[in-house]
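Attaching a single structure in structure tokens format; questions to follow.
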Amino acid sequence: MSEKQQTAISPRREEDFPEWYQQVIRAADLAENSEVRGCMVIKPWGYALWERMQAVLDGMFKATGHKNAYFPLFIPLSYLEKEAAHVEGFAKECAVVTHHRLELRDGKLVPAGELSEPLVVRPTSETIIGAAYARWVKSWRDLPILLNQWANVVRWEMRPRLFLRTAEFLWQEGHTAHETRAEAEEETMKMLRVYETFARDFLAVPVLCGEKSEGERFPGAERTYCIEAMVQDRKAIQAGTSHFLGQNFSKAAGIQFQSREGQLEHAWTTSWGVSTRLIGTLIMMHSDDDGLVVPPRIAATHVVIVPITPKDDSKAAILEAAENLASSLRSVAFHGAPLGVEVDSRDLGGGVKNWEWIKKGVPIRIEIGPRDLAQGTAAVARRDKGPKEKEFVPLAEIPQRATAMLEEIQATLLQRATQFRDANMVKIDTKEDFYKFFTPQNAAKPEIHGGFALTHWNGSTKIEEQIKTDLKVTIRCIPFDESLEPGTCPFSGEPSRQRVVWAKSY
RNA sequence: CGGGGCGUAGCUUAGCUUGGUAGAGCGCCUGGUUUGGGACCAGGAGGUCGGAGGUUCAAAUCCUCUCGCCCCGACCA
């Protein structure tokens, strides 16, 4: 290559963020668009991220008393009709199965055998799980039911985007039923905190916790809570939600039980979920102009060893040293599991291999060449630092230093993300400043905008809608506690109890 | 679903206005030289020009329809 590229990913983030995002996914070999519109193929490197997320979250769900189960993909159309708000929320994006057979006519397969009742491919499972709970619950002694399912769901989206918005996506949905309102409310909040902890401690994603405004609420929920993150184009992304469903779905599905007092009562239910969108969040949160950056605690591969073998006579010794280092690294525990280590012994130039792993975001890259071997060292590079920053570390010290290094990377990523968010989150007290804040600095790149704005708000949905129309900005959440301070809503002049978070969102 | 842009090899694309049957760079394969920063030389594979109709002696190029992608709007995890 005559002219070396400045960065591995082109365009860079500030040039064209959406395109950069696509290129990172391709460079890291995470996923690709499928031949079916809106659907994606998640490739091994991307799926490994999901598997790690599943493993960690599943452990957290079990630790909070939940068990896994599985409910059908197909939901009778009539089930969806039972909850009015739910219908309104999901009807527009449902895939519907109407036939159960194909027949060959004039050389073409055509659907045949029309179903007596169409089946909806689940966009979410409240209704069908509700129906099951209705069968299972008779007495207060049957409660609570604390279940989770790992599944795919389908929402026929208009504008799909890899990981962020696809027609089919993978997620987990927790569904619980409780004896009392208080217990269900507690569950809703508990799981929100699980998500917050997971995002912060594993994904190095700092999130704001709060409640959704009425306009942003889950269809059918009494209250929706969320964790909200700011990615590098300063937009907000909802990374997880937890819903207090009140008795809406138990009334719709008939989840009734006899109480301790002998009364027939409706159960109180919750649901909560995170999806493969977390992968998109992760990408937009930490990746740079050289590609993906994977936080160590969610990485399946923590360390890659790249043998540099310029000469045949030293090749065998270098490969052996690399394998030896790999096995001693694999005996190191990182948060209770062995380190994931790969040795890239492919017969390619060192530069080529290095850049591949940089683009894939492996936290630690170790190069061993003839010079290292002679000195008993290896060149160690961290993904949170520049691609050319390398530290020469004695081979024997590498395993013992690896975990500390990974912890440092993890901490750095969280710190960077937090600083970025805080630097782009401002309190605003006048309508004029607010509109100014959300007006793009450069009309040619409208995706780069102010960030998060904290303002007072009188609670009016009308105001929220007006601002959405004017600026495409919405209330991302009404944060808990810290923002409780009386003030004046800059849009209405009316009194307000607290500030809310406004932003453009994914 | 509305507005705009774009579909030529795995990727980036030239050619299209002025129709004559496809070219490049990167990547890939083979051999060799190489290897601590995405290397070089030589040879090679790979395209029904998104798809379907139409106009024409002749279509990547002109016309119609259609599908897909990207951006904006509406919607969402």
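Each chain gets a letter, A, B and so on, in the order its sequence line appears, and its residues count up from 1. No hydrogens, no waters, no symmetry mates; every other heavy atom, side chains included, goes into these values.
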Side chain of A:D347 - closest among B:A77, B:U35, B:C76: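 In terms of side-chain proximity for A:D347, the closest of B:A77, B:U35, B:C76 is B:U35.
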
Nucleotide B:C75, atom P - distance to CZ of A:R217 in whole Å: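 Distance check: A:R217 CZ to B:C75 P gives 17 Å.
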
Span that lies between the C1' atom of B:A24 and that of B:U34, in whole angstrom: 26 Å

Those residues that, when tested against A:Q375, pass side chain to side chain contact (heavy atoms under 4.5 Å, CB included) (two or more places apart): A:T377

Among B:C70, B:C75, B:A77, the one nearest A:Q22 by side-chain distance: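 The answer is B:C70, which lies nearest to the side chain.
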
Rounded distance in Å between the C1' positions of B:G47 and B:G23: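 Those two atoms are separated by 11 Å.
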
A:R371 CZ to B:U35 C1', straight-line distance once rounded to whole Å: 11 Å

Gap in Å between the two C1' atoms, one belonging to B:U55 and one to B:C65, rounded: 15 Å

Ignoring hydrogens and angles, write down the donor-acceptor pairs under 3.5 Å from the side chains of residues 313-322 of chain A, residues two or more places apart or on other chains.
residue, atom, partner, partner atom, Å
A:S314, OG, A:K311, O, 3.3

Spacing between A:E32 atom CD and B:C70 atom C1', to the nearest angstrom: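 Checked: the CD to C1' distance equals 17 Å.
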
Selection residues 300-323 of chain A - residue pairs positive for ring-ring contact (aromatic ring centres under 6.0 Å, His included), sequence neighbours left out: A:H302-A:F334

Position toward the 5' end of RNA chain B (nearest nucleotide), A:K315 or A:G351: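 First, find each residue's nearest nucleotide; the 5'-ward one identifies A:K315.
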
By side chain to side chain contact (heavy atoms under 4.5 Å, CB included) - contacts of A:S287 (at least two apart): A:W20, A:V24, A:I283, A:L292

Sugar-phosphate only, base, or nothing, as touched by A:G38 at under 4.0 Å among non-hydrogen atoms: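 Sugar-phosphate, backbone atoms only, no base.
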
Check: A:F434 ring centre within less than 6.0 Å of A:W502 ring centre: yes

Rounded distance in Å between the C1' positions of B:G51 and B:C67: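 My reading of the C1' atoms in B:G51 and B:C67 gives 7 Å.
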
Per-pair stack call A:W171 and B:A77, 5.5 Å, 30°: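 No.
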
Pair A:Y133 and A:H175, ring centroids less than 6.0 Å apart: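 No.
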
Touch class at under 4.0 angstrom, heavy-atom based, for A:L348 against every strand present: base

A:E367 CD - B:U35 P separation (whole Å):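 Taking atom P of B:U35 as the reference, CD of A:E367 is at 15 Å.
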
Sugar-phosphate only, base, or nothing, as touched by A:P370 at under 4.0 Å among non-hydrogen atoms: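 If one applies the 4.0 Å heavy-atom cut-off, A:P370 turns out to touch a base.
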
Touch class at under 4.0 angstrom, heavy-atom based, for A:T166 against every strand present: base

C1'-based separation of B:C6 from B:C76 [nearest Å]: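 So the two C1' atoms sit 26 Å from each other.
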
Nearest-angstrom distance, C1' atom, B:A59 to B:C70: 27 Å

Sugar-phosphate only, base, or nothing, as touched by A:T309 at under 4.0 Å among non-hydrogen atoms: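 Base: the residue A:T309, judged by heavy atoms under 4.0 Å, touches a nucleobase.
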
A:P295: which of A:D201, A:L282, A:V205 passes side chain to side chain contact (heavy atoms under 4.5 Å, CB included): A:L282

Interatomic distance where CD belongs to A:E356 and P belongs to B:G36 [whole Å]: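 Distance check: A:E356 CD to B:G36 P gives 16 Å.
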
Rounded distance (Å) that lies between atom P of B:G27 and atom NZ of A:K359: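 Distance, rounded to whole Å: 10 Å.
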
Output field: ring centroids A:F169/A:W50 closer than 6.0 Å: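 Not close enough - the centres of the two rings lie 6.0 Å or further apart.
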
Sugar-phosphate only, base, or nothing, as touched by A:L164 at under 4.0 Å among non-hydrogen atoms: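 Since a base atom lies under 4.0 Å of A:L164, the category is base.
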
With sequence neighbours excluded, residues passing side chain to side chain contact (heavy atoms under 4.5 Å, CB included) with A:A221: A:R217, A:F218, A:T224, A:H243, A:L245

Residue mapping more 5' on RNA chain B - nearest nucleotide basis, A:S34 or A:F163: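 The answer here is A:S34.
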
Separation between the C1' atoms of B:C62 and B:G15, rounded to whole Å: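 To the nearest whole Å, 16 Å.
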
Touch class at under 4.0 angstrom, heavy-atom based, for A:G369 against every strand present: base

Presence of A:K468 side-chain N/O under 4.0 Å of B:C75 phosphate oxygens OP1/OP2: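 Yes, within the criterion.
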
Side chain to side chain donor-acceptor pair (under 3.5 Å) between A:T474 and A:R476, worked out: CA-CA 6 Å; A:T474 50; A:R476 299 325 303 158; 2.6 Å; yes

A:N354: partners by side chain to side chain contact (heavy atoms under 4.5 Å, CB included), with sequence neighbours left out: A:V306, A:R365, A:E367

Residues in side-chain hydrogen bond (donor to acceptor under 3.5 Å, both in side chains) contact with A:T176, at least two apart in sequence or another chain: A:H178, A:T270

Span that lies between the P atom of B:U8 and that of B:U48, in whole angstrom: 12 Å

Protein-nucleotide distance (A:Y21, atom OH; B:C69, atom P), rounded to Å: 15 Å

Contiguous Watson-Crick or G-U pair runs (3 or more, under 3.5 Å) in RNA chain B: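 The stems are B:1-7 with B:67-73, B:10-13 with B:23-26, B:28-33 with B:39-44, B:50-54 with B:62-66.
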
Residues in contact with RNA chain B, drawn from residues 378-385 of chain A - heavy-atom cutoff 4.0 Å: A:A379

Phosphate-side-chain proximity, A:R161 and B:C71, N/O vs OP1/OP2 below 4.0 Å: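 Yes, A:R161 has a side-chain N/O under 4.0 Å of OP1/OP2 on B:C71.
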
Out of B:A39, B:C76, B:U12, whichever nucleotide has its closest atom nearest the side chain of A:R165: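 Per side-chain heavy atoms of A:R165, the pick is B:C76.
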
Integer-rounded Å distance: B:A74 P and A:D470 CG: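 For the pair A:D470 CG and B:A74 P, the rounded distance is 11 Å.
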
Nearest-nucleotide pick for A:E93, side chain only, options being B:C75, B:A77, B:U12: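 Shortest atom-to-atom distance from the side chain points to B:C75.
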
Nearest listed nucleotide, side chain of A:N33, among B:C70, B:A39, B:C76: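 In terms of side-chain proximity for A:N33, the closest of B:C70, B:A39, B:C76 is B:C70.
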
